[in-house]
There are 2 protein chains.
Amino acid sequence: MDDKLDAIFSALADPTRRAILGRLANGKATVAELADPFELSQPAISKHLKVLEQAGLIRSGREANSRPRVLEPAALKTIADWIADYRRFWDQSFDRLDDYLSKVQGYEND
Amino acid sequence: MDDKLDAIFSALADPTRRAILGRLANGKATVAELADPFELSQPAISKHLKVLEQAGLIRSGREANSRPRVLEPAALKTIADWIADYRRFWDQSFDRLDDYLSKVQGYEND
DNA sequence: TAGCTATATAACCGAATGGATATATTCTGT
DNA sequence: ACAGAATATATCCATTCGGTTATATAGCTA
């Protein structure tokens, strides 16, 4: 599971890959369509797509001549769930904020 | 802002660093305390801490001889907000799920 | 079958990453 | 002022990463 988080977070650490996901949020797209906005070679895009696919963030289809990609939301949920464990640290509605602030400001609490 | 996301996601892409954040969720800790669970050299831990700090995920304090670290929740919120834009893709309550599924399964929709 | 289109794979390169060991810095206590 | 503790910085090394160009593969169309 740690490996899964590693792969997802590091896939998301690249702005090109995040932009690709953004495009796929509008629906499936071919490699050429995904490459279009970037000044990168086609193989560079294919590499990014492979990273995203191995992280489980997208899937490849098959359609005539092309291999369209679609978003795979489960992987995004995986890290959303991970982050949710920290939500109390910024969201007042978890109302542990006071405890947290006392720690940050160095008032002893152990 | 893209740079900020790059730094945060890539800081989180390492299991040691995520474990350090997990420890800091229980309150501030010294470098020695943070290093304790790992079979890594002290400088290696200091490097990880620097990465976390430059991503804005933690802050350094000063206390007698030591430089305790505390969690900095704003950075986590930054990526939580980023992910929230995709929430509709897995959360039924956003009820665009049907649209999404039709795309995934390749039924034409453009 | 030949040629075109869409995409993948291979080989290579420089920069960045994650680790180590050795050394420097800073504060505490005597 | 000195010795020890806590931490940071410097240097080095192997590996990974993100890009390139060149080439291979697969499907479509004439």
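Quick caveat, the model's predicted, so the values are computed rather than measured. Hydrogens, waters and symmetry mates play no part in the numbers below; they use all other heavy atoms, side chains included.
Residues satisfying the side chain to side chain donor-acceptor pair (under 3.5 Å) criterion with B:Gln54, sequence neighbours excluded, are absent altogether.
As rounded to whole Å, 18 Å separates atom P of D:dA5 from atom CZ of B:Arg62. Separating the CD atom of A:Gln54 from the P atom of D:dG18 is a distance of 12 Å, rounded to the nearest angstrom. To the nearest angstrom, C1' of D:dC17 lies 15 Å from CG of B:Asp14. Taking atom CD of residue A:Glu39 and atom C1' of nucleotide D:dG19, one finds them 14 Å apart after rounding to whole Å.
Proximity of A:Ser41 to the phosphate of D:dT20: a side-chain N or O atom is located under 4.0 Å from OP1 or OP2. A:Arg17 has a side-chain polar atom (N or O) that falls below the 4.0 Å cut-off from OP1 or OP2 of D:dG18. Between B:Arg69 and D:dA6 there is no side-chain N or O to OP1 or OP2 distance below 4.0 Å. Distances shorter than 4.0 Å separate none of the side-chain N or O atoms of A:His48 from OP1 or OP2 on D:dC17.
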Starting at the 5' end of nucleotides 9-16 of chain D, put B wherever the base has a protein heavy atom under 4.0 Å, S where only the sugar-phosphate does, and a dash everywhere else. B-------

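B:Ser10 comes within contact range of no nucleotide atom at all, as no heavy-atom separation falls under 4.0 Å. At a threshold of 4.0 angstrom between heavy atoms, the contacts of A:Leu40 are confined to the sugar-phosphate backbone, with no base atom among them. Nucleic acid contact class of A:Ala32 (heavy atoms, under 4.0 Å, all strands): sugar-phosphate only.
On the nucleic acid side, DNA chain C has its first and last nucleotide under 4.0 Å of a heavy atom of chain B at C:dG18 to C:dT28, going 5' to 3'.
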